[in-house]
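The next block holds one structure in the form of structure tokens; read it before the comments.
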There are 2 protein chains.
Amino acid sequence: MLNQRLHSFVGGDKGDWSVVAMTTVVGEPLAPVARVAMVAGEGDHSPPAGGWVLRGVTSNERYAAHREAMQMKSSQAPLGRPEATHGALIPIRKSAAWWALSQDERRELFEETSRHISIGLRYLPAIARRLHHCRDLATAEPFDFITLFDYSPDNAAAFDDLVADLRATAEWAYVDREVDLRLARAPS
Amino acid sequence: MLNQRLHSFVGGDKGDWSVVAMTTVVGEPLAPVARVAMVAGEGDHSPPAGGWVLRGVTSNERYAAHREAMQMKSSQAPLGRPEATHGALIPIRKSAAWWALSQDERRELFEETSRHISIGLRYLPAIARRLHHCRDLATAEPFDFITLFDYSPDNAAAFDDLVADLRATAEWAYVDREVDLRLARAPS
């Protein structure tokens, strides 16, 4: 029986999102694909020829304090709004140095130093997002996190600002692999 | 390829640990078994007839602050000391209410209120332990955490005190399933 919080992202030539751009920000690239299919709570998907499968589970908050979590909850929009025809899938991996830090050191870098939550809040509700954790799956995964975003075409420039803001932080110095896929809804 | 931090605990009639006692502390019991086999970084194990397989991954610290993590690191002993012929395997699950709390609320319950880290430190290095996380595996697991302990016969009473101290905390009010297996090394 599968974890109902499991999501699979299948890169190949099928799926409701077409890949309009794919950039390797740091580390190894991913094989280029034309489309991404997103599957919730389903069984194993083998990678299509020349493609890949990324998997992750949604989980509890790791860093947000109560007030921050409430602010996010009250401001955020769900994925899948009809006008949110643009999207992004951004898998990242963090270094061993990050994971060796204690919880308070990671929290301090994440928010007090890097303002990860505060930056994200500035783009709510325009940018919707869902974070998936991959590091504690039973299989060795190529990334630690996968974040899926969607937004209207009007907010494409704001999305560029959001990722640029985050990549300029001290937290991002611990990101040792990141690929940025920009998507457009393209029902098959 | 498997996560190298994956550990499987196979309850049946094989394995290097015999089960000398099994108590359901709260929630559903586990099927009674004679032995537990522990397997690191290996593939899928089907449950033996009438038995079970519990799986989890070791991972980064979730609550310990830097000073606490350093104290644990400098005081703790590794599993598998020759004199540590007694053991315990304690899988627990926490309620949805726990997981809905923000990080700072969970930390406060865990340490400032319940002294989980401080209690544990009192029993180092006598009691060795390893914590495994199950909640974010791709499969739906019956528990959120599995902790494996080992200690010398001299420290069996201290181990009883440790678990009694933890079960009396406010944190433990969020534990909705817990089974306590006491083990003795019994090479097959």
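Chain identifiers are assigned alphabetically (A, B, ...) following the order of the sequence lines, protein sequences preceding nucleic acid strands; residue numbering begins at 1 within each chain. The model shown is predicted, which means the values in this text are computed figures rather than measured ones.
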What residue, out of A:L137, A:L6, A:V57, has the most heavy-atom pairs lying under 4.5 Å from chain B? A:L137
Would a hydrophobic clustering, with Ile, Leu, Val, Met, Phe, Trp and Tyr connected at side-chain separations under 4.5 Å, put B:V19 with B:V39? no
Can you get from B:L2 to A:V53 by hopping between Ile, Leu, Val, Met, Phe, Trp and Tyr side chains that sit under 4.5 Å apart? no
Can you pull every donor-acceptor pair closer than 3.5 Å across chain B and chain A?
{"from": "B:M1", "atom 1": "O", "to": "A:A140", "atom 2": "N", "distance (Å)": "2.9"}
{"from": "B:N3", "atom 1": "N", "to": "A:A138", "atom 2": "O", "distance (Å)": "2.7"}
{"from": "B:N3", "atom 1": "ND2", "to": "A:R135", "atom 2": "O", "distance (Å)": "3.2"}
{"from": "B:N3", "atom 1": "ND2", "to": "A:L137", "atom 2": "O", "distance (Å)": "2.8"}
{"from": "B:R5", "atom 1": "NH1", "to": "A:D136", "atom 2": "OD1", "distance (Å)": "3.0"}
{"from": "B:R5", "atom 1": "NH2", "to": "A:R135", "atom 2": "O", "distance (Å)": "2.8"}
{"from": "B:S59", "atom 1": "OG", "to": "A:D136", "atom 2": "OD1", "distance (Å)": "3.0"}
{"from": "B:S59", "atom 1": "OG", "to": "A:D136", "atom 2": "OD2", "distance (Å)": "2.8"}
{"from": "B:N60", "atom 1": "OD1", "to": "A:R135", "atom 2": "NH1", "distance (Å)": "3.3"}
{"from": "B:E61", "atom 1": "O", "to": "A:R106", "atom 2": "NH2", "distance (Å)": "2.6"}
{"from": "B:R62", "atom 1": "NH2", "to": "A:D136", "atom 2": "OD2", "distance (Å)": "3.0"}
{"from": "B:A64", "atom 1": "O", "to": "A:Q103", "atom 2": "N", "distance (Å)": "3.2"}
{"from": "B:H66", "atom 1": "N", "to": "A:S102", "atom 2": "OG", "distance (Å)": "3.2"}
{"from": "B:H66", "atom 1": "N", "to": "A:D104", "atom 2": "OD1", "distance (Å)": "2.9"}
{"from": "B:H66", "atom 1": "N", "to": "A:D104", "atom 2": "OD2", "distance (Å)": "3.4"}
{"from": "B:H66", "atom 1": "ND1", "to": "A:E105", "atom 2": "OE2", "distance (Å)": "3.0"}
{"from": "B:S102", "atom 1": "OG", "to": "A:H66", "atom 2": "N", "distance (Å)": "3.2"}
{"from": "B:Q103", "atom 1": "N", "to": "A:A64", "atom 2": "O", "distance (Å)": "3.2"}
{"from": "B:D104", "atom 1": "OD1", "to": "A:H66", "atom 2": "N", "distance (Å)": "2.9"}
{"from": "B:D104", "atom 1": "OD2", "to": "A:H66", "atom 2": "N", "distance (Å)": "3.4"}
{"from": "B:E105", "atom 1": "OE2", "to": "A:H66", "atom 2": "ND1", "distance (Å)": "3.0"}
{"from": "B:R106", "atom 1": "NH2", "to": "A:E61", "atom 2": "O", "distance (Å)": "2.6"}
{"from": "B:R135", "atom 1": "O", "to": "A:N3", "atom 2": "ND2", "distance (Å)": "3.2"}
{"from": "B:R135", "atom 1": "O", "to": "A:R5", "atom 2": "NH2", "distance (Å)": "2.8"}
{"from": "B:R135", "atom 1": "NH1", "to": "A:N60", "atom 2": "OD1", "distance (Å)": "3.3"}
{"from": "B:D136", "atom 1": "OD1", "to": "A:R5", "atom 2": "NH1", "distance (Å)": "3.0"}
{"from": "B:D136", "atom 1": "OD1", "to": "A:S59", "atom 2": "OG", "distance (Å)": "3.0"}
{"from": "B:D136", "atom 1": "OD2", "to": "A:S59", "atom 2": "OG", "distance (Å)": "2.8"}
{"from": "B:D136", "atom 1": "OD2", "to": "A:R62", "atom 2": "NH2", "distance (Å)": "3.0"}
{"from": "B:L137", "atom 1": "O", "to": "A:N3", "atom 2": "ND2", "distance (Å)": "2.8"}
{"from": "B:A138", "atom 1": "O", "to": "A:N3", "atom 2": "N", "distance (Å)": "2.7"}
{"from": "B:A140", "atom 1": "N", "to": "A:M1", "atom 2": "O", "distance (Å)": "2.8"}

A:F143-A:F110 co-clustered via ILVMFWY side chain contacts under 4.5 Å: no
Within one Ile-Leu-Val-Met-Phe-Trp-Tyr cluster: B:F149 and B:I117, side-chain cutoff 4.5 Å: yes
Any idea which of B:A65, B:G56, B:A69, B:G41 has the most non-hydrogen atom pairs under 4.5 angstrom with chain A? B:A65
In one Ile/Leu/Val/Met/Phe/Trp/Tyr side-chain cluster, 4.5 Å: B:V36, B:V20: no
Select one option (side chain, backbone, both, neither) describing which atoms of A:A64 are under 4.5 Å from chain B's heavy atoms. backbone
Taking the hydrophobic residues Ile, Leu, Val, Met, Phe, Trp and Tyr, and joining any pair whose side-chain heavy atoms are under 4.5 Å apart, which ones share a cluster with B:M70? none
